[in-house]
Number of protein chains: 2
Amino acid sequence: MASANRTEFAVLGLLALGARSGYDIKKMADDALGHFWNESFGHIYPILKRLEQRDWVTKSVEPQEGRPDRKVYALTPAGHEALQEWFASPIEPVPPREELLLKLFLGPLTPPAALIEQVEQYRAAQREDLAQLDGLVKQVEREESNNPGLPFWLLTVDHHRAMLRARLRWSADALTRLRSLIGGNVPVS
Amino acid sequence: MASANRTEFAVLGLLALGARSGYDIKKMADDALGHFWNESFGHIYPILKRLEQRDWVTKSVEPQEGRPDRKVYALTPAGHEALQEWFASPIEPVPPREELLLKLFLGPLTPPAALIEQVEQYRAAQREDLAQLDGLVKQVEREESNNPGLPFWLLTVDHHRAMLRARLRWSADALTRLRSLIGGNVPVS
DNA sequence: GATCGCATGTAAGTGGTTACATGATTTA
DNA sequence: TAAATCATGTAACCACTTACATGCGATC
């Protein structure tokens, strides 16, 4: 049971929104789901094959010249059923692995400057991420204003924004605390 | 380059805090790092062997009766050096994979009730997690008040708390938005 | 009498990435 | 002329989990 391949359902779900090729799935994942999901070709293509063997999708080949034939996959009723089951099934929590927090926990082992540097880089990364996301939202709201899926997408965006802002607040606080920790330990020069 | 085994450094870091056995590392990870880090025996033991081969740690055997000998590992100077390098090196971002957001994005494909159920379960999980963490903090502040590492540990806790609170706020908002989305689409019965 | 804590490890499997292999067409 | 876009796939590798194997002693 345990893990129950989530990528399979990501692929299946994108196909449920409309028939697509492996290449298209990758592109859509990068463009629309980029802030909360990630896929690689090396994973997508084998999964597509598996889904077809399981009769959750069907393949139709569009011949092309000068490049490999385009293979478009579409959901079968069995695929729809599997997807609905997945929708209703509980989400299993992913075991956490946060490298920054690991470094922070081990903080007493390293010069404080290294630690502060790490937190500052983290902070800069969140800020940049937030700015980029805001830009994306503006663009999408312009171009996809008629897309009925837009409100759902915005829900995912706002989740990410909430996380980024929380991390920005935390890191500001963490920096002042780290600096005062040093102040308390460092001898007056 | 790419991934550069983070668990190796987690193990190395815990050993830098004090010589320990594989069993102890696992216990410590569960107890103190549980909210941001995760390790399994099946991973720890082979890593310990690797670290020893690389001369980053040394092994000393404490014979025992009625159970396997205890093998205590301690950092070497080379291990310390490797750890310091890791401290200074940038953190590579982990590609995201958030199943709830995937379901939300695919929202138009499923009955809204299923979606709301998922968000409510998520919300309940965050709440429970927060309560449990608060309990742990109280206990640790009592028992480890003299531990010089405490402020660093609290930094990691506050990160987690900030995340949990942000998710609670987001999910409350998401639920009202989801319900109004339904309201707008469901025919009057 | 069952479960938990102590204590080690291995083998099999999963989920995933990266690099490789191929190559035409379009855009900067 | 370099690069991105289109388009498929495979092979090698990596990080990690789970299940298995073993078994004593203490606690519930």
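Below, read A as the first sequence line, B as the second, and so on, with proteins coming before strands; counting in each chain starts at 1. Because the structure is predicted, anything quoted here is derived from the model rather than measured.
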Side-chain ion pair, [X] and [Y], N-O less than 4.0 Å:
X        : Y        : answer
A:Arg169 : A:Asp173 : no
B:Glu8   : B:Arg54  : yes
B:Glu39  : A:Arg97  : yes
A:Lys27  : A:Asp30  : no

Quick one: [X] [atom1] to [N] [atom2], roughly how many Å, whole number?
X       : N      : atom1 : atom2 : answer
A:Tyr45 : D:dC6  : OH    : P     : 12 Å
B:Ile44 : C:dT8  : CD1   : P     : 10 Å
A:His43 : C:dG15 : NE2   : P     : 7 Å

Can you identify which nucleotide, out of D:dA15, C:dG16, D:dT8, has its nearest atom closest to the A:Thr7 side chain?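 Output: C:dG16.
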
Given DNA chain D, 5'-ward residue of the pair A:Gly42 and A:Pro68, judged by closest heavy atom: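 The 5'-side residue here is A:Pro68.
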
Name the nucleic acid region contacted by [X], choosing base, sugar-phosphate or nothing; use a 4.0 angstrom heavy-atom cut-off, strictly under.
X       : result
A:Asn38 : sugar-phosphate
B:Lys27 : sugar-phosphate
A:Lys49 : sugar-phosphate

So, is B:Gln64 near the phosphate of C:dC6, with a side-chain N or O under 4.0 Å from OP1 or OP2?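 It does not, given that no N or O in the side chain of B:Gln64 lies less than 4.0 Å from OP1 or OP2 of C:dC6.
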
I want to check one thing: is the phosphate of D:dC6, taken as OP1 and OP2, less than 4.0 Å away from some side-chain N or O of A:Arg67?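 Negative; the distance criterion is not met.
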
